[in-house]
Trainee: 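Provided herewith is a single structure, encoded as structure tokens, for subsequent inquiry.
Fair warning: this is a prediction, and the values are worked out from it, not measured in the lab. Every number for a ligand or one of its atoms is a count from 1 in the order of the listing. FYI, the numbering just counts along the sequence from 1.
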Amino acid sequence: MLWLLCGPCGAMDSQALVIRIKIPDGAAVDWTVHSAPQLLFRDVLDVIGQVLPDATTTAFEYEDEDGDRITVRSDEEMKAMLSYYYSTVMEQQVNGQLIEPLQIYPRACKPPGKRNIHGLKVNTRAGAGSASEALPSNSLKKSSAELKKILANGQMNEQDIRYRDILGHGNGGTVYKAYHVRSGKILAVKVIPLDITLELQKQIMSELEILYKCDSSYIIGFYGAFFVENRISLCTEFMDGGSLDVYRKIPEHVLGRIAVAVVKGLTYLWSLKILHRDVKPSNMLVNTRGQVKLCDFGVSTQLVNSIAKTYVGTNAYMAPERISGEQYGIHSDVWSLGISFMEIQKNQGSLMPLQLLQCIVDEESPVLPAGEFSEPFVHFITQCMKKQPKERPAPEDLMGHPFVVQYNDGNAEVVSMWVCRMLEERRAQGAQ
Ligand code: ATP
Ligand code: MG
């Protein structure tokens, strides 16, 4: 194996960023970057060009904590990669682990001739038989399958969770960003105080079982739940872009792709005979990979009831028939879908005063101002918000609606780039 390094045995000084460029034949080159904040996508391509002079490289990839490869093609995507990498470094520091270099995989290149370039020393690590042996195993890159195994053994418990930042407070609970020690995974943990009997706790745990079976890229991953004293903790996949309620006036080509994912997520839940019951922007999550996932759907009647007993459970996204206490069905989720997307685009505060809820029951549905939005979008919202539940689109009609069809092209990059840009803007505003 060819093992190239710059710097003394690739040791990291505390300020520098070490990027390990993985070469297709198993070798690797470590590149020490001393001014990481100024690093541009172009700079990385230039260095890859030096390492692989015979190849044309236009992009590179890195691996997320599940071992999935993420492509980087722009400065924005590179910022997302660096922010992900620094979060893994933070975890490694907290756990006293060796800080691992950032590994990247050049893409679209021809097999390079083995070459040692200026400034790169050959590492003669004794016994390094293969690249994988030579590299310390990254505890943060446990596969999803491995994580599922850990969780299936009932190992999700309070002792293994390190609570970090508060992501938000909701109606009844607080959501934390947390670190799961055993799997090395970052989680979102929702903690809800509930004063209920042991019997009810058991019932909730059994009702939550179905979440382990939910397997859709449009539904938030569920890792487990446990009770400690009078509170339940629900552990789910962490979404680094947060929820849609903090994003306003989303460009329609981005919103369209988000809407497609939300419709697919709902259609998946309905196919399992699960009604969401709480469709709203704060329960639609996005990440820098361009994924959009639904969370907080009502799989456990007992959990929903227990929360409702403690907290007022009315919100502005509820369908008129639900506010008047009539039967709840798929059509009621469709109403909430329509009003959620309308709210996001109307650039207003997310919750209406309670007295306005009565207007939803008594008066005509609100409509989007004409001229400001595309005709298919306005039509989509208007159809979803028909007063009569039966007049709203059925699941197959939602998927076939021109607004959804137009953006159903699987282009996650559009959402990814937009999330990265928004996060960058937020960071810049926070720094001011
Ligand atoms: P409600 O309790 O009525 O559902 P809510 O959705 O605003 O209201 P929570 O569900 O408690 O409240 O969520 C609080 C906030 O935490 C959300 O607004 C969202 O920004 C954030 N959040 C929730 N789940 C995740 C997650 N998996 N990844 C990242 N952020 C999350
Ligand atoms: Mg929520």
Side-chain angles (χ1 to χ4, degrees), residues 64-66 80 83-84 87 144 147 156 161 163-180 183 185-194 208 211 214 216-225 231-248 250 258 261-262 265-266 269 275-300 303-318 322-323 333 336-337 339-340 343-344 349-352 354 357 415 419 422-423 426:
D64 71 2
E65 71 266 37
D66 293 332
S83 113
Y84 164 74
S87 74
S144 298
L147 183 68
M156 186 56 91
I161 291 176
Y163 292 93
R164 297 278 163 77
D165 316 319
I166 291 183
L167 294 170
H169 299 281
N171 200 10
T174 301
V175 182
Y176 298 86
K177 183 176 177 180
Y179 175 66
H180 185 242
S183 64
K185 218 163 162 102
I186 300 284
L187 311 174
V189 183
K190 183 166 190 166
V191 183
I192 310 169
L194 287 177
L208 291 174
L211 288 176
C214 278
S216 158
S217 39
Y218 308 106
I219 300 295
I220 201 80
F222 179 70
Y223 300 140
R231 49 184 205 275
I232 186 171
S233 297
L234 301 151
C235 307
T236 59
E237 177 182 3
F238 168 67
M239 297 288 277
D240 61 359
S243 49
L244 284 190
D245 53 328
V246 294
Y247 299 92
R248 292 281 145 198
I250 304 174
I258 293 175
V262 170
L266 285 174
L269 290 178
L275 294 175
H276 190 296
R277 295 176 187 273
D278 202 9
V279 177
K280 56 182 178 180
S282 71
N283 290 336
M284 301 171 186
L285 302 164
V286 289
N287 66 19
T288 48
R289 294 167 65 181
Q291 294 177 310
V292 182
K293 305 193 183 203
L294 295 176
C295 68
D296 289 345
F297 39 96
V299 284
S300 165
L303 180 60
V304 172
N305 289 346
S306 304
I307 296 173
K309 275 192 198 120
T310 329
Y311 303 94
V312 184
T314 327
N315 73 49
Y317 305 93
M318 284 181 177
R322 189 179 189 187
I323 298 170
D333 274 352
S336 306
L337 167 75
I339 195 164
S340 295
E343 277 297 305
I344 292 167
S350 60
L351 284 179
M352 296 185 216
L354 276 179
L357 291 176
V415 179
V419 172
M422 291 297 113
L423 292 182
R426 236 185 272 169

Trainee: Identify the protein heavy atom lying closest to atom 12 (O) of ligand 1, giving its residue, its atom name and the separation to 0.1 Å.
Mentor: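 Result for atom 12 (O) of ligand 1: G170 CA, 3.1 Å.
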Trainee: With rounding to the nearest 0.5 angstrom, report the CG to SG distance, L269 to C214.
Mentor: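 The SG atom of C214 is 6.0 Å from CG of L269, to the nearest 0.5 Å.
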Trainee: Is there a donor-acceptor pair under 3.5 Å between the side chain of D333 and the backbone N or O of H276?
Mentor: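 Flag set: sc D333 to bb H276 pair under 3.5 Å.
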Trainee: For atom 3 (O) of ligand 1, what's the nearest protein heavy-atom neighbour? Residue, atom name and distance, please.
Mentor: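 For this ligand atom, the closest protein heavy atom is K280 NZ, 2.5 Å.
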Trainee: Verify, without hydrogens or angle tests, whether S300 (side chain) and L208 (backbone) share a donor-acceptor contact under 3.5 angstrom.
Mentor: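 Checking the backbone N and O of L208 against the side chain of S300, no donor-acceptor pair under 3.5 Å is found.
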Trainee: Let me check your reading of the structure: within less than 2.8 Å of the Mg ion (ligand 2), is there an N/O/S atom from D278?
Mentor: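 Given the 2.8 Å cut-off, D278 does not count as a ligand of the Mg ion (ligand 2).
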Trainee: For V189, does its backbone N or O pair with a side-chain atom of Y223 as donor and acceptor, under 3.5 Å?
Mentor: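 Between the backbone of V189 and the side chain of Y223 there is no qualifying donor-acceptor contact (under 3.5 Å).
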Trainee: Taking the side chain as everything from C-beta on, heavy atoms only, tell me whether L423 gets closer than 4.5 Å to R426.
Mentor: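 A side-chain contact under 4.5 Å exists here.
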Trainee: Which heavy atom of the protein is the closest neighbour of atom 5 (P) of ligand 1, given with residue, atom name and distance?
Mentor: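 For atom 5 (P) of ligand 1, the nearest protein heavy atom comes out as S282 OG, 3.3 Å.
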Trainee: Could you name the option among V191, I166, D278, L234 that has the heavy atom nearest to atom 4 (O) of ligand 1?
Mentor: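 That would be D278.
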Trainee: Looking at OG1 of T236 and CD1 of I220, how far apart are the two atoms once the value is rounded to the nearest 0.5 Å?
Mentor: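 Answer rounded to 0.5 Å: 5.0 Å.
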Trainee: Taking heavy atoms and a distance under 4.0 Å, where does A188 meet ligand 1: side chain, backbone, both or neither?
Mentor: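 It is the side chain that gets close, since no backbone atom is under 4.0 Å.
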Trainee: Got the closest protein heavy atom to atom 27 (N) of ligand 1, with its distance?
Mentor: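 Closest protein heavy atom to atom 27 (N) of ligand 1: E237 O, 2.8 Å.
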Trainee: Check whether any N, O or S atom of S282 sits under 2.8 Å from the Mg ion (ligand 2).
Mentor: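 No N, O or S atom of S282 is closer than 2.8 Å to the Mg ion (ligand 2), so no.
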Trainee: In terms of residue, atom name and distance, what is the protein heavy atom nearest to atom 15 (C) of ligand 1?
Mentor: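 Closest protein heavy atom to atom 15 (C) of ligand 1: G168 CA, 3.7 Å.
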Trainee: Name the one of T174, I192, V191, L194 that satisfies side-chain contact (heavy atoms from CB on, under 4.5 Å) with R231?
Mentor: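 That would be V191.
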Trainee: Would you kindly specify which portion of K177 sits under 4.0 Å from ligand 1, judged on non-hydrogen atoms: side chain, backbone, both or neither?
Mentor: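 Neither; nothing of K177 gets under 4.0 Å from ligand 1.
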Trainee: May I ask you to test the I161-C235 pair for a side-chain heavy-atom distance under 4.5 Å?
Mentor: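 Side-chain contact under 4.5 Å: yes.
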Trainee: Taking non-hydrogen atoms only, is D240 closer than 4.0 angstrom to ligand 1 via side chain, backbone, both or neither?
Mentor: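 For D240, there is no contact with ligand 1 at all, from either part.
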Trainee: Among all the protein's non-hydrogen atoms, which is closest to atom 2 (O) of ligand 1, and how far away is it?
Mentor: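 Here the nearest protein heavy atom works out to N171 N, 2.6 Å.
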Trainee: Decide yes or no for I186 and Y179: does some side-chain heavy atom of the first lie under 4.5 Å from some side-chain heavy atom of the second?
Mentor: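 They are in side-chain contact.
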Trainee: For ligand 1, is any non-hydrogen atom under 4.0 Å from L285's backbone (N, CA, C, O), its side chain (CB onward), both, or neither?
Mentor: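 The answer is the side chain.
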Trainee: Check D296 and report its N/O/S atom nearest to the Mg ion (ligand 2), by atom name.
Mentor: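 This residue's closest N, O or S atom turns out to be OD2.
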Trainee: Nearest protein heavy-atom contact for atom 18 (O) of ligand 1: which residue, which atom, what distance?
Mentor: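 Here the nearest protein heavy atom works out to S243 OG, 3.2 Å.
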Trainee: Nearest to atom 23 (C) of ligand 1, what protein heavy atom do you find, and at what distance?
Mentor: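 Protein heavy atom at minimum distance: V175 CG1, 3.7 Å.
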Trainee: Ignoring hydrogens and geometry, is there a side-chain-to-backbone donor-acceptor pair from S282 to S243 under 3.5 Å?
Mentor: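 No.
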Trainee: Answer side chain, backbone, both or neither: which part of T174 comes under 4.0 Å from ligand 1, heavy atoms only.
Mentor: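 Near ligand 1, T174 shows nothing, with every heavy atom at 4.0 Å or more.
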Trainee: Keeping D278 on the side-chain end and F297 on the backbone end, is there a donor-acceptor pair under 3.5 Å?
Mentor: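 No: the side chain of D278 does not pair with the backbone of F297.
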Trainee: Can you sort out which atoms of ligand 1 are near T236, meaning under 4.0 Å from one of its heavy atoms?
Mentor: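 Counting from 1, the qualifying ligand atoms are 27 (N).
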Trainee: Taking D240 for its side chain and T288 for its backbone only, find out whether a donor-acceptor pair lies under 3.5 Å.
Mentor: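 Present.
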Trainee: Side chain or backbone, does M239 bring an N or O within less than 3.5 Å of an N or O on ligand 1?
Mentor: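 Yes; the residue has a nitrogen or oxygen that sits under 3.5 Å from a nitrogen or oxygen of the ligand.
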